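Notes follow once the structure below has been shown.
Both counts, for ligands and for their atoms, begin at 1 and track the order of listing. All residue numbers in this chain count up from 1 along the given sequence. Every value quoted in this text rests on a predicted model; they were computed, and no experiment measured them.
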Amino acid sequence: MEKEECMKKGIMYLILTILMVFSIAQYVDAQATEADLIIINGKVITVDKDFSIKQAIAVKNGWIVAVGTNADIQKFAGKKTQVMDLKGKAILPGINESHGHTTAFAAVRPPFAIDARYPTVKSVADIKSAVAAKAKELGPGKWIRGRGWNTSLLEEFKNDPKGMPTRKDLDDVAPDNPVILTDWSGHTIWANSKALQLANITRNTPDPDGGKVGKDAAGEPNGMLEEIPAFALVMKAAPLFTVEEIKNIVIKGMQEMNLNGVTSASEPLGPGADQNDFGVRGSKVIEAYRQLYKEGKLTMRVAIPLLYGKYGSVTYEDVMKGSQTYKFPTDVDPFWVKSSGFKIFADGVPLPPIYTAWMWEPYVVPPGNIYGGLVIPGKTEQAKYDELIKMVEYGHERGWQVHVHAIGDRAVSSFIDGVEKATLKNPWPKLRHVIIHGDFIKMEDMKRAAKYGMAHGGMPSVHSLLADQFLGFMGEERSANHLPFRSLIDAGVIISMNADAPSTYPDWRAGVQAAVTRQASKSGKVVGPEQRVSRAEAIRAYTWGGAWQDLMESVKGSIEVKKLADFCVISDDILTVDEHKIKDIKVLMTIVGGKTVYKAQEASF
Ligand SMILES: [Zn+2]
């Protein structure tokens with residue numbers, strides 16, 4: 001009897017339990033199927049493995065829960081679900097800028113600084129009137145910053161490719177304000193006499209290691225400070241922004257990135273490197289990001305390779321000491337603010353008048369034996385090279401991703417030498433050391449880069465911007481193989497793409513067009529057609545490639561289930577529009593973690 005009762009009870013419990021589990025499962029299921037947001041009637045360019053096209057997406061808690069047809073996704077609509085009808089527009093994964101300086105980019109633009117880029121300014125005269133207006137606005141004594149001038153695009157130097165402006169041009173309009181205007185590439189500063197005077201730069205100031213203080217025929221400083229060690233001299237005198245000011249700059253930077261469809265960006269930031277042309281790099285920017293994260297104000301994800309020592313010329317000692325003393329904040333969500341190893345500099349840029357990108361073959365113009373060189377301090381080329389290898393090995397041994405600015409093919413080779421040596425000692429998988437820029441790279445080095453799982457983060461817009469100029473001082477062959485995206489992909493290297501803002505404006509549509517057409521923007525000439533890539537390949541580089549470089553391709557970079565809901569809606573179908581009109585495509589909407597962070601006026605959904 002007792003036994004029977006017991007059994008009955010047992011069975012009842014069992015039935016009850018089954019019912020409970022069943023209803024909980026149903027409840028959980030109901031919760032899961034009710035999405036926060038469904039996006040329907042889109043051309044969903046998923047950038048998954050097969051580059052498949054879908055129609056609709058369901059999002060919950062900032063994550064993608066389903067991708068499929070309208071009918072598949074309608075099932076996820078509940079009472080509280082926001083329904084977004086794209087009316088056939090294309091939607092992509094959020095753009096992942098694989099290298100750039102969001103904060104500096106904002107700091108060097110209005111309202112914080114003068115926009116000296118072409119076509120905002122077309123001549124020295126234009127720059128002078130902008131500086132005059134700023135001096136009037138700020139009053140005497142205040143520092144005036146600006147960014148973007150490029151002598152090859154200035155009216156006065158059209159027929160004088162070697163000509164440069166001088167401090168006196170700026171003295172004419174702002175004698176009582178220190179003025180520092182960085183060129184478009186960030187490798188030369190044009191300063192006025194007041195700035196030089198406050199920085200104590202005189203005829204007796206020697207060139208710092210790796211930099212040059214420009215002098216005129218009479219031996220006086222002419223206002224040109226070439227390469228970062230040289231303009232660090234003037235930056236010592238300039239005030240730095242506070243964390244509070246930087247937060248406003250970061251917000252402005254993220255807004256500008258968002259309106260270009262950017263949802264993630266890599267941004268090298270100091271604990272070192274507090275002295276620079278923008279007054280913003282450094283640990284204070286990381287602190288600004290941390291505070292904005294805490295306040296729920298981030299509208300873009302950021303991956304941060306750390307900068308140690310002096311910006312532009314980092315030593316082994318800097319990396320060692322910096323990494324031992326600086327602690328990256330631990331109270332941030334790495335999906336928002338992520339630490340990504342560190343960044344160092346191998347060489348400079350391949351541009352007149354400095355030609356500092358380190359090449360295996362000399363520059364064609366100017367004639368002579370100019371090869372560029374490493375910007376790492378050291379008495380001999382060998383000592384600099386050894387220092388580079390040591391830094392790469394140091395990072396690799398500790399399991400850190402090493403990002404190296406390397407533009408010349410010899411600088412790229414040297415970096416890969418370091419990765420090769422380090423990997424042979426410690427064959428860690430998956431560190432994905434990053435060649436930042438990698439404009440020139442030999443075929444055998446592409447193969448090595450692929451073998452060691454390195455990422456290549458180039459700027460396609462630089463090809464269209466500089467192709468005409470490169471033909472002049474690099475020669476046909478090297479110009480044709482400048483940024484060899486086709487060969488890189490074929491060699492098995494994972495490529496990401498970027499604008500390196502503020503070097504160029506963060507417009508990935510222009511980047512895709514440049515990579516697809518290889519057309520020089522000035523002459524319209526196609527330079528290196530064999531290096532063209534498909535639209536799908538360029539889009540993949542701007543989305544999944546950046547995510548892969550961030551070691552986050554499992555959670556972002558494509559529109560797939562269980563990935564972050566980061567999207568970018570565009571005005572025209574990028575896969576079918578005329579290839580010369582890709583750059584005219586507008587971003588209509590940007591969504592980060594399921595939240596709309598930018599909506600264009602013409603967006604009707
Ligand atoms: Zn950069």
Identity of the N, O or S atom of Asp500 lying closest to the Zn ion (ligand 1): OD1

Sole residue of His456, Arg432, His403 in side-chain contact (heavy atoms from CB on, under 4.5 Å) with Gln549: His403

Side-chain (Ser479) to main-chain (Phe470) donor-acceptor, under 3.5 angstrom: yes

Nearest to the Zn ion (ligand 1) - the N/O/S atom of His101, by atom name: NE2

The Zn ion (ligand 1) to nearest N/O/S of His405 below 2.8 Å: no

Side chain Asp318, main chain Tyr308, donor-acceptor under 3.5 Å: no

Closest contact, heavy atoms only, Ser98 versus Asn498: OG-ND2, 3.0 Å

